[in-house]
There are 2 protein chains.
Amino acid sequence: MEALLDRLRARGMRITPQRRAIADVLVGEHVHLSAEDVLARARVALPELSQATVYATLTELVALGEVCEITTGDGPRRFDPNVGSSHHHLVCRSCGAIRDVEPSGVSRLHVADDQLAGYQLERADITFRGLCPDCAAAPS
Amino acid sequence: MEALLDRLRARGMRITPQRRAIADVLVGEHVHLSAEDVLARARVALPELSQATVYATLTELVALGEVCEITTGDGPRRFDPNVGSSHHHLVCRSCGAIRDVEPSGVSRLHVADDQLAGYQLERADITFRGLCPDCAAAPS
DNA sequence: GTATATGCAAAGCATTTGCATTAAA
DNA sequence: TTTAATGCAAATGCTTTGCATATAC
């Protein structure tokens, strides 16, 4: 429950009411919040929370690898706390909805060594794009 | 050579000096230009070209599928005219350099049907992240 | 001649920054 | 007490927009 805050404390970060409120919102699977979403939700518990603090905290959480960011290619970036499973994303090109795709459902990707030519690979971001069931049914 | 302009004409677009200058710059492989890059290069041939026209034209070219956009997750988006081969990208997290990865060097990706749940898939964007040879050698 | 494309400058949006104040440890 | 975190507001960077003018067809 307090896992994220514990890890932050362990890394020397101070636990403030602001960080607690933000951490409380960044929990669960299929959660893909914009910075604005995080602010709005965390403000329910802590109305005086500022946007700048949300951005600062999100930046740190991403740097620590506790949260990952998703760039939809349109609109603000989204933050995903589900870093445990290294899943991929399905993004609707019409409404922007994001759904997770479990890695187990995707064949493993392998890159030929000669393509890497000295690169030190860290990870692969895989984003599937198309129309979600709702948008496929009701074309714009 | 004039292939892109021909296709634009065929779709009813007017061929202006501006579009010619922009099209001349959007040629080749391993080309990943920002809007600013496109403006600067096209202005060599047509100094009075405006930024707004570059953005408008790039937006149309993307909509027509003649150019694809790459979101690096940092900095401005890049435009890639090499839509013929549906390649993937290797992005250096330190200097931002982008290199193409030929699909032939990557194992084919397959998504289990039950993961798609009504989604109408259009494409998969695959971005590998890590350090390029230069940045791996000289850590920041 | 007519509709489309252009250029300019202003607006827009997401995000970052500077800095004085506050508070966690 | 000390150093890090916060809030505010201004600044930044990229991109889009409104609108009058110019121009491809």
Side-chain angles (χ1 to χ4, degrees), chain A residues 2 4-25 32-43 45-64 66-80 96, chain B residues 2 4-25 32-40 42-43 45-64 66-79 96:
Chain A
E2 291 282 283
L4 173 53
L5 289 176
D6 285 344
R7 287 193 299 271
L8 298 187
R9 203 182 340 249
R11 304 217 205 191
M13 284 178 69
R14 294 180 180 179
I15 305 308
T16 63
Q18 289 84 347
R19 286 179 177 163
R20 217 186 304 274
I22 293 169
D24 284 350
V25 155
H32 313 107
L33 303 172
S34 67
E36 199 186 343
D37 292 336
V38 172
L39 178 64
R41 297 189 184 198
R43 268 188 175 166
L46 194 74
E48 62 273 33
L49 177 64
S50 78
Q51 235 165 20
T53 296
V54 169
Y55 275 107
T57 303
L58 288 172
T59 300
E60 284 169 309
L61 292 176
V62 169
L64 293 176
E66 295 289 351
V67 160
C68 74
E69 40 187 332
I70 310 166
T71 304
T72 63
D74 172 78
R77 57 192 150 134
R78 316 300 272 275
F79 297 87
D80 181 343
Chain B
E2 292 280 284
L4 174 52
L5 289 176
D6 286 343
R7 286 192 300 270
L8 297 188
R9 202 180 343 248
R11 304 216 204 192
M13 284 179 67
R14 294 181 180 178
I15 305 309
T16 62
Q18 289 84 348
R19 287 179 176 162
R20 216 186 304 274
I22 292 169
D24 284 350
V25 155
H32 313 107
L33 303 171
S34 66
E36 199 187 342
D37 293 335
V38 172
L39 177 64
R43 269 187 174 165
L46 193 75
E48 62 273 33
L49 177 63
S50 78
Q51 237 164 18
T53 295
V54 169
Y55 275 107
T57 303
L58 288 172
T59 300
E60 283 169 310
L61 292 176
V62 169
L64 294 176
E66 295 289 350
V67 160
C68 75
E69 39 187 332
I70 311 167
T71 303
T72 61
D74 174 77
R77 57 195 150 131
R78 316 300 271 275
F79 297 87

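Order of the sequence lines fixes the chain letters, A, B, ..., with proteins taken first and strands second; residue numbering starts at 1 for each chain.
With dT16(C), dT6(C), dG7(D) as the candidates, the nucleotide lying closest to the side chain of Thr59(A) is dT16(C). Across dT15(D), dT6(C), dT17(C), the shortest atom-to-atom separation from the side chain of Ala52(A) is found for dT17(C). When each of dC8(C), dG7(D), dA14(C) is scored by its nearest atom to the side-chain atoms of Pro76(A), the top-ranked nucleotide is dA14(C). Residue Tyr55(B) has its side chain nearest to dT16(D) when only dT15(C), dT16(D), dC8(C) are considered. For Arg14(A), taking side-chain heavy atoms from C-beta onward, the closest of the listed nucleotides dA24(C), dG7(C), dA9(D) is dA24(C).
An OP1 or OP2 oxygen of dG7(D) is reached within less than 4.0 angstrom by a side-chain nitrogen or oxygen of Gln18(A). Phosphate proximity of dA24(D) to Thr16(B): absent, as no side-chain N or O sits under 4.0 Å from OP1 or OP2. Ser50(B) has no side-chain polar atom (N or O) that falls below the 4.0 Å cut-off from OP1 or OP2 of dT6(C).
Distance, Glu48(B) CD to dA22(D) C1': 12 Å, rounded to whole Å. The interatomic distance linking Glu60(B) (CD) with dT6(C) (P) rounds to 8 Å, in whole Å. In this structure, Arg9(B) atom CZ and dA5(C) atom P are separated by 14 Å, rounded to whole Å. Gln51(B) has its CD atom 11 Å from the C1' atom of dC8(C), to the nearest Å. If you take CG of Leu61(A) and P of dA5(D), they are 12 Å apart, rounded to a whole angstrom. Taking atom CD of residue Glu36(A) and atom P of nucleotide dC13(C), one finds them 10 Å apart after rounding to whole Å. Between the CG atom of Leu39(B) and the P atom of dT15(D) there is a distance of 12 Å, given to the nearest Å. In this structure, CZ of Arg78(B) is placed 11 Å from P of dC14(D), rounded to the nearest angstrom.
Within the 4.5 Å cutoff, the side chain of Leu39(A) has no heavy atoms near those of the Thr53(A) side chain. Between Asp37(A) and Val25(A), the closest side-chain pair of non-hydrogen atoms is not below 4.5 Å. With a 4.5 Å cut-off on side-chain heavy atoms, His32(B) and Ile70(B) count as touching. Contact of the Arg7(B) side chain with the Leu64(B) side chain is not registered, since no non-hydrogen atoms from C-beta on lie closer than 4.5 Å. At a threshold of 4.5 Å between non-hydrogen side-chain atoms, the residues Leu8(B) and Leu61(B) count as touching.
One cannot find a donor-acceptor pair under 3.5 Å joining the base of dA14(C) and the side-chain atoms of Arg77(A).
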Restricting both atoms to N or O, compile the protein contacts to nucleotides 19-22 of chain C shorter than 3.5 Å, with distance only.
none

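Atom CD of Glu36(B) has 12 or fewer heavy atoms from other residues, nucleotides or ligands within 6.0 Å. Heavy-atom neighbours of Arg43(A) CZ from other residues, nucleotides or ligands within 6.0 Å: above the threshold of 12.
Not a single side-chain hydrogen bond (donor to acceptor under 3.5 Å, both in side chains) links Thr72(B) to another residue, sequence neighbours left out.
Each end of the helix from dG12(C)-dC14(D) to dA25(C)-dT1(D) gets its own axis from five base pairs, and the two axes differ in direction by 30°, given to 10 degrees.
The existence of a salt bridge linking Arg11(B) and Glu60(B) is excluded, since no basic side-chain nitrogen approaches an acidic carboxylate oxygen closer than 4.0 Å.
The two residues Leu46(A) and Ala21(A) make their nearest non-hydrogen contact at CB-CB, 4.1 Å.
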